[in-house]
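Letters A, B, ... are given to chains in the order of the sequence lines, protein chains preceding strands, and every chain is numbered from 1. Only a predicted model underlies this, so the values are computations on that prediction, with no experimental measurement involved.
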Amino acid sequence: MIEKNYQPADIEARMSVVWEDSLAFKAGRPDRRDATPFTIVIPPPNVTGSLHMGHALNNTLQDVLCRFERMRGRDVLWQPGTDHAGIATQMVVERQLMERQQPGRREMGREKFLERVWEWKAESGDTIINQLKRLGASCDWSRERFTMDEGLSKAVIKVFVELHRDGLIYKDKRLVNWDPKLLTAISDLEVQQVEVKGSLWYLRYPIEGKSFSPDDPASFIVVATTRPETMLGDTGVAVHPEDERYQKLVGKHVILPLVGRKVKIVADDYSDPEKGSGAVKVTPAHDFNDFEVGKRHGLRQISVLDKEGCLDLVDNEDYLRDLPEGASQFAEEFHNVERFAARKRIVERLEAFGFIERIEPHTHTVPHGDRSGVVIEPFLTDQWYVDAKTLAKPAIAAVRSGATTFVPKNWEKTYYEWMENIQPWCISRQLWWGHQIPAWYGPDGKVFVAETEEEAVSHALGYYVEQEVITPEQGREMALDRNKREGIITRDEDVLDTWFSSALWPFSTLGWPDDTPEVKRYYPTDVLVTGFDIIFFWVARMMMMGLHFMKEAPFSTVYIHALVRDEKGAKMSKSKGNVIDPLHLIDEYGADALRFTLAAMAAQGRDIKLATSRVEGYRNFATKLWNACRFAEMNQCVVPEGFEPAKATQTLNRWIAHETAHTTREVTEAIEAYRFNDAAGAIYRFVWNVYCDWYVELAKPVLLGPDGPAKAETRAMVAWARDEILKLLHPFMPFITEELWEVTAKREELLTLASWPLKSTGPTAEELAMVAASMPNDGAFISPMVLPIFDHADFTDPAAEAEIGWVIDLVTQIRSVRAEMNIPPATLTTLVLAGASPETKERAPRWVDVIKRMARLSDISFADRAPDGAVQILVRGEVAALPLKGVVDLAAERVRLDKEIAKADADIKRAESKLANEKFVANAAEEVVEEEREKREAALARKAKLLEALERLKQVS
RNA sequence: GGGCACGUAGCUCAGCGGGAGAGCACUACCUUGACAUGGUAGGGGUCACAGGUUCGAUCCCUGUCGUGCCCA
C-alpha cells in the first residue's frame, strides 16, 4: 500500500537500511562472478571534511553510472574511502588545540600530537561517509579505505623506495615555495597567484669608485623592485645585454646601500629594458627568476630570512661575509624583524640617505599559500622531488594514443599543456600528519632509503664498514644489538605531500603491492569522475603512478564535470559565505530531488549555477511520480505473470509501449555518452508529459469501465510502464523508485539489482568486426551509436502513434479554442466532426469517452459539413466544429480565423520563396526540399479549409 | 601577457546549419474520482554586437564588447 503522501526523509532512511542489509552494493557478488567488472574509484574526500555541493555533484554522477551498470548486469565496484589531507587536517587539529587553550603541537611533541589527530579522525571521520550514504551513494562500503591505512602506507613506502632506487625521486637544494605560517614547503599547485596593489620602488645603487650623490645620475644605477627588503640579499644587478644605457657598466660593481656589499653588474636578457628602469636587482635566494639569473652568472645565494619570514642577519655567515666594518651593527638592529615590517623600515632608511628615486603604485601578482593564505616566500632548502618530467612521458602517450580519453575532449588540451611543461614535484612537507618519508641519515648526512628501519640500518652499517668509519666487528655488534646503534641513523622528519598517496589510489585500494585477486579483476578502472580543478593535482599524478607501477593507465575514461558555483558564477567557498549546503537541500526536498537536479544540470562543458527552485521543481516531479503510482495501485494495476507488452492489442497500450521503448533508448544512450542532463530530461518528459498527462488520462475510461479483456490489458500495461519508469529513473532517484518498486508488487529482487530494460544500444564486438570487414576500410571508426540494435523494435507502431496523436491534437486544440473563447470549464459543448475521413470515422468511436471527458464535451457527432455559426478548428487536416452559436461572440471567431489564415499565409510565403530560389532547390539536401514542398502543400490545404470556415461563418452573421 | 569557456524568455539553463525550448517566476481559469508539491490555457526572446562563409546562420569562421576560470 502506497502512503498517501510522499515523505522523502522516511523513505530514504528505510531504503538505506534495506540496501545495506542486502549487501546489494558489494563487489564480487557470487551471482556476478562471470559478469564484466565495472570499476570506479571515488575521489576520496578529506576524512574530516563534510559534504559540499561539489561532492554532491561528483558522487551523484558516479552513482548514476554505477547503478546503471549494476542494473545492466556488471559486477560493479565503486571503491570508497577518505584522504588524510595532510595540511588541512593538521591545521584543523592545531586550531582546535588553540581554541581549547591546550598546549600546542610543538609543546605536545610529535607522538602525542599524532595521537591527537587520530582521535580527531576517529571522532569525525564517519561524518563524510554517512553524508555520502545519505546522498544514496552505492559504494561497496565494506571496502572503505583510508590513505593512512596500513595497506596504503605500505604501498606509499614501496613506491617511494622504488622510485628512489630508479632515480626518479631525489633530494635537492633549490628554491621552494615556503609557507612561513605553516612552516612547510608546498608544491607549485598549492600556490595561488593573487593580484595585489603594491608599489614599485626605484632604488639608487651607488657605483663603485664614484662618490654617491642623489643629484649625480652618473654616480648610481637605478633598479626597480617590488620587494625592497630583499635587497639585503642582493648579489648582483642585471641589465639587458643590448641596453645601450648600461653597456659601459656591465662588469663594474655597485655598493649595496645600507649593507656595503660589493655587487657585480651583469648582462642578462632576463632584464626587460621596457620595464622599470631597465635594471633589476638580483636576489638569488629569494626569487625564482633571480635564482636562475644567479646560476647563469655564478652569483652567491644569500638567504636573509628565516623560516618564519623574519630577517636573519646576526650570525648569518653568508650575509656577513666580506662586509665592511660596522656591518654587524646594522645586522643587529634589523635582526629578527618581520618581513613586512622590515620592508617599511628599510625603505625609510633608504629614503633617509637618498637611495630612493621614486615610488610608483604597481599592481602585480603575489603568490599565496592556498591553505594558510599568507604570502609565500621563495626559500632555499633541501627537499625531496619526484622527476615528474620522466613519469609524465608515458602519461602523455596514454592520452595521445586514446588508451585514456577525456570527456569532454577539450580537457585533453589542458592536460597536455600541463604535462608537457611539468616541473619537478616537491613532495616533502615539514608537517607531522602524513606518511613519514622512509629515509634515514647517517651522522655524516649520508641518506639511506629503505622500506623499514631494519633495512636502513643494515644499509648504513654496510656502508660505514666499507668506508672504514666503523670496523666490521662493530658493524656486526650493532646489527645484532639494537641498543648499540645509538646515533647511527636518524629518520627524516618530513612527511609526503598528501597527493603522493592519492596518486596511488586506483591500485593501492585494491591491495597493491600484494598480488590480490581484486587488483587483477578491477584494475584498470573504467571511469574516473572528477572536477577539472584537480586534473593536475590528482588525475595527472594517478596517470603517472598507474602507468609506472601497473604498466596500464588507471582508467580508460576521465569524465570531467562542472564546478558547482553560486548564482553569480563564483566558486563556492566558506570564506565567501556563498555555500549552499547539500544536506539542507536533502532535508528540505529529499536526496532524490537534489540528485536529479544535479544530473539534469550536468551539461558537458558548462558550470552549474545552482538555483534552489530547480530542486523544488524536481521534488514536485517525485511527488507526481508518487501519485501516478498511487493511481495505478488504486486501479488494481499489476503486471500478470508472463505479460508481454509487445503483444498488446489495444491501440493505447501499443502506443505507450512504443513511447516507453523510445524513452528507454534515449535514456540509455545518453547515460552511455555521459550526457546526464539529456538522460534526466528524457525520463522527466516521459513520466510527466507522456505517461501522466496522456497515457493515464486516456486509460481512465477503460480502467473505470466494465471488466473485460481491454481493461485487463490496460491494467497490465499501466503497471508494466510504471515498472519500466522505475527502472529508468532508478539511477537518478534511487530512494523513491526502490520504495515504489517494493510497495507496488511482490518482487523477486531489489530494484537496484533488477535488469535494465535495454541491454545494449550497440552491436557486439563480433558484429562490429563483421560490419567493418564488409566495408571499404577508410579507417573511420564505426561508433556503436551509429548502428543501434532495436531491442524494442517490436514496439514500434506508427499506426498507434498516428491514432493517439490524433486524439491528443484534437483534445489540445479544443481546449485551446475554449480557453481563447472564454468558455467556462463548466459549460459542456458538442463536437461535430465535419467531412471526416473513413479513418477518423473508424477511430472516433473508440475515443468518445476520453475526448468528451478531456475536452469537456457533451456529445460528438458526424456531419458532412460544419454547422453554421460554429467555431471550426483543423485537426490533422480535418475540420472539427464546435457549434457555439449564442455561446460565443462570432466576431471573435472571425478574428481568430483571420489570424489563423494569416499564419497559414506566412507559412506558404516562406515555403514558396524558398522553393522559388533555384539555388536552394539545387543545393539543399533532397529531404529538405521535399520537406519544404510538403510544408507548402499542408499550409495551402489548411488555408483552403480556413477560408471555407470563414465563409460559413459569414453566412450566419 | 598566454589559454579555455560563456553571453539564448524576468531568473536558472538546454539546444545548435533548415520555422526558438525546459524548469521556476508571471497572467487567467479550474478543488473533474492519483496528484493544488496539482490541472488547463496563455503572455514573454532582432538567440550580446559587427562582418564573413553558405541556397539558408542562434548554430560554422573572424573581429568587437562583456563575464568567468586556468596558467604566467
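- Here B/G56 presents its P atom at 15 Å from CG of A/Leu915, a figure rounded to the nearest Å.
- Atoms CD1 and OG, from A/Ile873 and A/Ser816 in turn, are 8.5 Å apart once rounded to the nearest 0.5 Å.
- Checking the phosphate oxygens (OP1, OP2) of B/A34, a side-chain nitrogen or oxygen of A/Lys700 falls inside 4.0 Å.
- With rounding to whole Å, A/Leu625 atom CG is found 11 Å from B/C35 atom C1'.
- Rounded to whole angstrom, the span from the CG atom of A/Asn822 across to the P atom of B/U27 amounts to 17 Å.
- Taking atom CD of A/Glu930 as the reference point, atom P of B/C55 lies 21 Å away to the nearest angstrom.
- Atom-to-atom, CD1 of A/Ile535 to C1' of B/C71 comes out at 13 Å; the value is rounded to the nearest Å.
- On the C1' atoms, B/G33 is 28 Å away from B/G42, given to the nearest whole Å.
- In this structure, A/Asn917 atom CG and B/U54 atom P are separated by 14 Å, rounded to whole Å.
- Of the candidates B/U32, B/G33, B/C55, the closest approach to any side-chain atom of A/Arg856 belongs to B/U32.
- Rounded to a whole angstrom, the distance from the P atom of B/A5 to that of B/G23 is 30 Å.
- The separation between A/Ile736 atom CD1 and B/A34 atom P is 18 Å, rounded to whole Å.
- Checking B/C30, B/U32, B/C13 against every side-chain atom of A/Arg614, the shortest atom distance belongs to B/C13.
- Under the 30°/60° scheme for interplanar angles, the aromatic rings of A/Tyr674 and A/Tyr559 are found to lie parallel.
- When the nucleotides B/C55, B/A34, B/U12 are ranked by their closest atom to the side chain of A/Cys692, B/A34 comes out on top.
- Comparing B/A57 with B/U62, their C1' atoms sit 14 Å apart, to the nearest whole Å.
- Taking atom C1' on both B/G68 and B/G10, the two are 22 Å apart, rounded to the nearest angstrom.
- Using P as the reference atom, B/G38 and B/G43 are 22 Å apart when rounded to the nearest Å.
- In this structure, the side-chain hydrogen bond (donor to acceptor under 3.5 Å, both in side chains) partners of A/Thr744, at least two apart in sequence or on a different chain, are A/Arg747.
- Among all heavy-atom pairs drawn from A/His561 and A/Asn58, the shortest one is CE1-ND2, 3.0 Å.
- For the atom pair CZ (A/Phe920) and OG (A/Ser913), the distance works out to 9.0 Å, reported to the nearest 0.5 Å.
- A/Ile2 comes within 4.0 angstrom of no nucleic acid atom, judged by non-hydrogen atoms across all strands.
- Of the candidates B/A14, B/G3, B/A34, B/G3 carries the atom nearest the A/Lys413 side chain, counting heavy atoms from C-beta on.
- For B/G63 and B/A72, the P atoms lie 25 Å apart once the distance is rounded to whole Å.
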Residues 612-628 of chain A, side-chain donor-acceptor partners within the protein, below 3.5 Å, at least two apart:
from     : atom 1 : to       : atom 2 : distance (Å)
A/Arg614 : NH2    : A/Tyr618 : OH     : 3.1
A/Thr623 : OG1    : A/Arg619 : O      : 3.1
A/Trp626 : NE1    : A/Glu3   : O      : 3.0
A/Asn627 : OD1    : A/Arg630 : NH1    : 3.0
A/Asn627 : ND2    : A/Thr623 : O      : 3.0

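- Across A/Arg936, A/Arg942, A/Lys935, a single residue satisfies salt bridge (Lys or Arg N to Asp or Glu O under 4.0 Å) together with A/Asp907, and that is A/Arg942.
- Within the nucleic acid shown, A/Asn635 has no heavy atom closer than 4.0 Å to any nucleic acid atom.
- A distance of 14.5 Å separates CD of A/Glu739 from CE of A/Met733, quoted to the nearest 0.5 Å.
- Pairing each heavy atom of A/Arg722 with each of A/Ala632, the nearest pair is NH1-CB, 4.1 Å.
- Distance check on atom P: B/U58 versus B/U40 gives 33 Å, rounded to whole Å.
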Discussion item. Each nucleotide in nucleotides 36-46 of chain B should get exactly one letter: B, S or -. Can you fill that in based on protein heavy atoms under 4.0 Å?
Written reply: -BSSSSS----
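- Using a 4.0 Å heavy-atom cutoff across all strands shown, A/Glu412 reaches no nucleic acid atom at all.
- Shown here are the salt bridge (Lys or Arg N to Asp or Glu O under 4.0 Å) partners of A/Arg174, two or more places apart in sequence or in another chain: there are none.
- Base engagement by A/Ala925 is indicated by at least one non-hydrogen atom pair under 4.0 Å involving a base atom.
- With both ends at atom P, the span from B/U8 to B/G15 equals 14 Å, rounded to whole Å.
- For RNA chain B, if you chain together Watson-Crick or G-U pairs that step i with j, i+1 with j-1 and so on, the runs of at least three with distances under 3.5 Å are B:1-7 with B:65-71, B:10-13 with B:21-24, B:26-30 with B:38-42, B:48-52 with B:60-64.
- Scanning for salt bridge (Lys or Arg N to Asp or Glu O under 4.0 Å) contacts around A/Glu697 gives A/Lys700, A/Arg853, with sequence neighbours left out.
- In this structure, the nucleotide among B/A72, B/A14, B/G23 sitting nearest to the side chain of A/Tyr684 is B/G23.
- Taking the side chain of A/Asn923 as heavy atoms from C-beta on, and the options B/A34, B/C55, B/C13, the nearest nucleotide is B/C55.
- Among the atoms of the strands shown, none is found under 4.0 Å from any heavy atom of A/Thr414.
- To the nearest 0.5 Å, the span separating CG on A/Leu915 from CD1 on A/Ile908 amounts to 12.0 Å.
- One atom, CZ of A/Phe288, and another, C1' of B/A72, lie 13 Å apart when rounded to the nearest Å.
- Side chain of A/Phe536, nearest nucleotide from B/C71, B/C69, B/G18: B/C71.
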